[in-house]
Each structure stands twice: as C-alpha cells, then as structure tokens.
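Order of the sequence lines sets the chain letters (A, B, ...), proteins ahead of strands, with each chain counted from 1. Just the heavy atoms: all of them, side chains too, but no hydrogens, waters or symmetry mates, feed the values below.
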Amino acid sequence: MTFYEKIYYVCKRIPKGKVATYGQIAVIIGKPGTPRQVGGALHRSPEGMCLPAHRVVNRDGVLTGAAAFTFEKEQESRLRAEGVEVLHNKVDLKKYRWNPSRQELEEIAEMIRL
DNA sequence: CCTTTGACCAACA
DNA sequence: TTGTTGGCCAAAG
C-alpha cells in the first residue's frame with residue numbers, strides 16, 4: 001500500500017456525522033509529522049474514488065479544504081447533510097471528532113501493513 | 001538528481 | 001490570546 005493509499009483507506013473509515021483532523025490521520029497511518037501531505041493526498045485524490053474527504057478538517061475544526069471542492073460551500077453542505085453543525089466555517093471538534101477504538105486502530109494498522 | 005509546492009502544526013512573541 | 005514563523009516531507013516538475 002502506498003502512502004497515499006493508506007490515507008485514502010483511513011479517510012473512508014471516518015463514520016458519517018464525524019470528522020477527523022489532518023494530523024490525526026497522519027498519526028493513524030504511522031507517519032506523524034506529515035499532515036500537509038494528508039491534505040495534498042486528498043486534494044489530488046482520483047475522480048471516481050468516492051472519498052468522504054469533507055470529513056477532514058484542520059486542528060481547529062476549520063474547513064480549510066473548502067476551496068478545493070467543486071463548488072463553494074460543498075464541504076459545508078455535505079457535513080450539514082450528515083447532521084454536523086457548521087458555524088463560521090468551523091465544526092466543534094469536542095462534539096464531532098472521530099475517536100477510533102483501540103481495536104479499530106489495530107485493524108487499520110494491520111490493513112495498512114500490506 | 002535538485003527545486004518547488006502545499007486541504008498543516010507547534011512554538012513563540 | 002491572536003498573529004507570525006519556520007519546519008515538515010511526499011510528490012510533481
């Protein structure tokens with residue numbers, strides 16, 4: 001599995017109605033210190049790959065990737081459609097951050113090893 | 001091989 | 001507490 005593929009894999013596991021941060025994903029794939037590359041990977045993700053990239057926000061809960069979507073506010077409306085409140089281009093991480101169980105993290109770690 | 005480019009982040013003033 | 005600074009590192013050129 002390539003670096004980018006690992007990022008896509010983790011992204012797909014973020015549950016509906018939850019969000020993750022770039023740094024959080026970097027840590028989960030075992031590469032802390034590469035949050036910018038996580039953003040880059042999502043930005044350049046293939047067209048047909050149906051990825052819930054709108055569930056990824058920065059450490060403050062700000063929708064920093066909004067400009068990269070097909071139309072302005074697409075990220076915001078997709079989140080709202082899942083029941084996530086968005087105020088001033090931000091989400092409340094205390095409420096909506098995804099907290100994977102230890103078992104799920106192990107599952108991911110094993111899948112990624114390939 | 002370099003060099004540039006970021007959907008970031010921790011540290012510091 | 002809010003702005004700024006520099007480092008970070010995989011990919012693309």
Side-chain angles (χ1 to χ4, degrees):
Chain A
M1 230 174 170
T2 68
F3 179 74
Y4 275 23
E5 285 170 340
K6 293 176 187 176
I7 291 168
Y8 299 145
Y9 175 73
V10 172
C11 182
K12 280 190 286 194
R13 297 194 57 137
I14 305 172
K16 272 187 211 174
K18 291 288 177 184
V19 300
T21 68
Y22 299 98
Q24 185 181 356
I25 292 178
V27 169
I28 290 175
I29 66 172
K31 285 225 161 242
T34 66
R36 295 188 81 163
Q37 288 75 271
V38 172
L42 297 180
H43 182 89
R44 297 196 275 277
S45 68
E47 273 291 333
M49 151 176 288
C50 199
L51 210 59
H54 58 281
R55 300 190 188 129
V56 186
V57 300
N58 84 353
R59 59 136 179 223
D60 299 317
V62 176
L63 280 51
T64 47
F69 285 78
T70 56
F71 60 91
E72 192 73 13
K73 302 277 190 185
E74 176 180 357
Q75 184 172 20
E76 181 178 330
S77 43
R78 280 190 170 177
L79 285 172
R80 286 227 167 93
E82 300 179 351
V84 177
E85 310 173 65
V86 183
L87 286 177
H88 301 99
N89 220 49
K90 280 209 277 197
V91 304
D92 184 352
L93 285 178
K94 286 188 186 299
K95 267 192 197 166
Y96 301 110
R97 185 201 282 270
W98 173 43
N99 301 102
S101 65
R102 204 189 70 191
Q103 178 184 325
E104 180 158 17
L105 290 175
E106 283 176 17
E107 229 177 277
I108 293 171
E110 177 168 353
M111 192 63 59
I112 276 175
R113 195 168 312 148
L114 316 179

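The side chain of A:Pro35 has B:dC8 as its nearest neighbour among B:dC8, C:dA10, C:dA11. In this structure, of C:dA12, B:dA10, C:dC9, it is B:dA10 that holds the atom nearest to the side chain of A:Arg59.
Summarising the geometry of A:Met111 relative to A:Met1, their closest heavy-atom pair is O-SD, 3.8 Å, with the distance given to 0.1 Å.
Rounded to an integer number of Å, the gap from CE of A:Met1 to P of C:dA10 is 17 Å. Rounded to whole Å, atom P of C:dT1 lies 12 Å from atom CG of A:Asp60. The separation between A:Asn58 atom CG and C:dC8 atom P is 20 Å, rounded to whole Å. Rounded to whole Å, atom C1' of B:dT5 lies 10 Å from atom CD of A:Gln37.
The closest donor-acceptor contact from the side chain of A:Arg78 to the backbone of A:His54 lies at 3.5 Å or more, if one exists at all.
Looking at heavy atoms from C-beta onward, A:Lys6 lies out of side-chain contact with A:Lys31 at the 4.5 angstrom threshold. Counting heavy atoms from C-beta outward, A:Leu79 and A:Leu63 have side chains that approach closer than 4.5 Å. Taking 4.5 Å as the limit, every side-chain heavy atom of A:Ile29 sits out of range of all side-chain heavy atoms of A:Tyr9.
Among the protein residues, A:Ala41 comes within range of no part of the nucleic acid, since none of its heavy atoms lies under 4.0 Å from any strand.
Judged as a side chain to side chain contact (heavy atoms under 4.5 Å, CB included), and not counting sequence neighbours, the contacts of A:Lys90 are A:Val62.
If you check distances only, the side chain of A:Arg36 does reach the base of C:dG7 with a donor-acceptor pair under 3.5 Å.
Residues from residues 3-34 of chain A that place a heavy atom under 4.0 Å from any atom of DNA chain B, listed by number: A:Tyr22, A:Gly23.
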